[in-house]
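What follows is a set of notes on a single structure, which appears directly below.
Note that these values count all heavy atoms, side chains included, but never hydrogens, waters or copies made by symmetry. First listed ligand is number 1; within each ligand, the first listed atom is number 1. Since the structure is predicted, the reported quantities are computational estimates derived from the model, not experimental observations.
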Amino acid sequence: MPEAIRVVVTGAAGQIAYSLLYSVAKGDVFGKDQPIVLVLLDITPMMGVLGGVVMELKDCAFPVVTEIVATDDYDTAFKDADACMLVGAMPRKEGMERKDLLAANVKIFKGQGESLNKVAKKTVKVVVVGNPANTNALICSKHAPSIPKENFSALTRLDQNRAKAQVADRVGRSVGDVSNAIIWGNHSSTQYPDMRHATVKIDGKAVPVHDAVKDDNWLKNEFISTVQKRGAAVIAARKLSSAMSAANATCDHMRDWWFGTKPGEWTSMAVISDNNPYNVPANLMYSFPVEIKDGKWSIKGGLAIDDFSQEKMDITAKELEEERDAALVVVGDKK
Ligand code: NAX
């Protein structure tokens with residue numbers, strides 16, 4: 001058996017973590033032969049609830065889990081961490097403006113970045129799920145300068161999965177037949193779900209999604225807004241935000257980062273935009289199509305960008321620049 005890896009889940013007493021921990025502990029992310037020390041972080045008032053989660057995890061008797069650590073202390077949680085799923089965040093409360101939410105959250109991610117910088121392995125892989133995920137990931141990375149920027153990412157895989165599901169339904173195929181959907185930009189309503197390079201397998205052949213859907217108007221309008229607003233639609237129906245699908249996407253994201261993408265396929269991840277091949281401004285956590293090999297992602301280059309796409313990519317970049325600048329003021333890195 002290989003040596004155990006330390007996997008940290010924050011917001012561990014929350015609703016996404018409740019599904020996420022089950023999959024991680026079952027071996028669905030790092031493999032059924034990879035022992036795991038499962039580290040659960042939440043805030044002090046949630047320690048009682050977290051104790052219940054620990055009891056349930058123990059009662060699952062998952063063979064890959066060698067130890068469970070539950071804590072409210074950042075340095076204890078992140079010590080020697082190999083992989084971190086940063087789900088915990090301050091939820092939006094009634095009457096709270098977007099800027100108040102941003103301020104509360106970037107302070108959390110500054111603190112977690114500082115702790116990662118001090119105590120985590122320099123090879124740690126970090127995915128931020130807690131919103132505003134892209135900007136939180138950027139702030140976290142900035143406060144962990146001893147860890148490569150490439151080791152930080154934010155989750156847009158849920159948006160990608162949503163996009164694939166919409167197209168699969170539309171053309172009456174299984175979602176597994178749809179490949180190479182792209183989410184560009186922010187995990188917010190400005191994201192640009194792009195199917196221009198995606199294919200759907202029909203009778204064993206990879207057909208461009210545009211040819212299979214045969215409705216450019218749907219792809220440019222209803223499809224995009226459905227994906228952009230899917231989170232709100234789930235809340236309206238379930239009276240709770242997406243949890244199972246968010247947990248599943250977090251697992252997909254980390255599994256692909258750990259084991260790699262299939263040849264000829266890419267996946268969407270928000271990663272540092274420095275030196276990207278699409279002229280997106282530097283110094284943002286922007287979602288791109290990435291290929292992953294040996295635990296390292298690289299942005300898939302060479303995809304043609306038409307005027308329609310360029311405009312949408314610019315809108316979401318602008319929002320990320322505004323979020324970043326506001327966040328840098330909050331953490332005192334900018335006046
Ligand atoms: P919950 O409110 O159920 O759980 C959040 C948990 O985080 C709570 O237990 C809370 O005590 C904990 N927490 C707060 N501050 C913390 C800190 N400093 N350290 C550790 N834990 C802390 O929310 P849940 O539904 O699980 O959602 C978590 C986050 O995911 C939210 O920010 C949400 O907006 C975000 N989402 C992001 C998605 C994405 O695709 N990037 C999609 C789903 C989800 O909306």
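Formation of a donor-acceptor pair under 3.5 Å by the Ser268 side chain with backbone atoms of Ile183 is found in this model.
Looking at ligand 1, you'll find an N or O of His187 within less than 3.5 Å of one of its N or O atoms. Looking at Ser242 next to ligand 1, no N or O pair under 3.5 Å apart turns up. Distances between N or O atoms of Ile16 and those of ligand 1 include at least one value under 3.5 Å.
Leu38 and Val119 fall within a single hydrophobic cluster, where Ile, Leu, Val, Met, Phe, Trp and Tyr side chains are chained together by heavy-atom contacts under 4.5 Å. Linking Ile, Leu, Val, Met, Phe, Trp and Tyr residues whenever their side-chain heavy atoms come within less than 4.5 Å leaves Leu102 and Phe152 in two separate clusters.
Salt bridge status for Asp306 with Arg196: present, with a side-chain N to carboxylate O gap under 4.0 Å. For Asp28 and Lys32, the salt-bridge test passes: some basic side-chain N is under 4.0 Å from an acidic carboxylate O.
For atom 14 (C) of ligand 1, the nearest non-hydrogen atom of the protein is Ala89 O, 3.4 Å. From the protein, the heavy atom lying nearest to atom 16 (C) of ligand 1 is Ile43 CG2, 3.4 Å. If you check which protein heavy atom lies closest to atom 34 (O) of ligand 1, you get Asn131 ND2, 2.8 Å. Ranking protein heavy atoms by distance to atom 18 (N) of ligand 1, first place goes to Tyr74 OH, 3.1 Å. Scanning all protein heavy atoms for the shortest distance to atom 6 (C) of ligand 1 gives Gly11 CA, 3.5 Å. The shortest contact between atom 10 (C) of ligand 1 and any protein heavy atom is with Asp42 OD1, 3.3 Å. Protein heavy atom at the shortest distance from atom 23 (O) of ligand 1 is Gln15 CG, 4.4 Å. The nearest heavy-atom contact from the protein to atom 4 (O) of ligand 1 is Gly14 CA, 3.3 Å.
Residue-ligand proximity, Gly130 to ligand 1, at heavy-atom distances under 4.0 Å covers atoms 29 (C), 30 (O), 32 (O). Ligand-side atoms of ligand 1 in range of Gln112: 17 (C), 18 (N), 19 (N), range being under 4.0 angstrom from any heavy atom. Residue contact check: Ile108 has heavy atoms under 4.0 Å from atoms 15 (N), 18 (N) of ligand 1.
Within a 4.0 Å radius of atom 2 (O) of ligand 1, the protein contributes no heavy atom.
Under the 4.5 Å side-chain criterion, counting only non-hydrogen atoms from C-beta, Asp42 is not in contact with Asp72.
Between Tyr278 and Phe288, the ring-plane angle classifies as parallel under the 30° and 60° cut-offs.
Cluster partners of Met55 are absent, since no Ile, Leu, Val, Met, Phe, Trp or Tyr has side-chain heavy atoms less than 4.5 Å from it.
Note that CG of Asn134 is 9.0 Å distant from CG of Asn136, once rounded to the nearest 0.5 Å. Rounding to the nearest 0.5 Å places CE of Met269 at 9.5 Å from CZ of Arg157.
When Asn161, Val87, Leu158, Val129 are checked for heavy-atom proximity to atom 28 (C) of ligand 1, Val87 turns out nearest.
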Worked verdict on Lys142 versus Asn283 for side chain to side chain contact (heavy atoms under 4.5 Å, CB included): CA-CA 10 Å; Lys142 283 193 182 300; Asn283 198 16; 2.8 Å; yes
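In this structure His187 satisfies the ring pair (Phe, Tyr, Trp, His ring centres under 6.0 Å) test with no other residue, sequence neighbours excluded.
Ser241 counts as a contact of ligand 1, since one of its heavy atoms falls under 4.0 Å from the ligand.
With a 4.0 Å heavy-atom cut-off, ligand 1 is reached by the side chain of Met46 but not by its N, CA, C or O. Heavy atoms of Leu155 found under 4.0 angstrom from ligand 1 belong to the backbone as well as the side chain.
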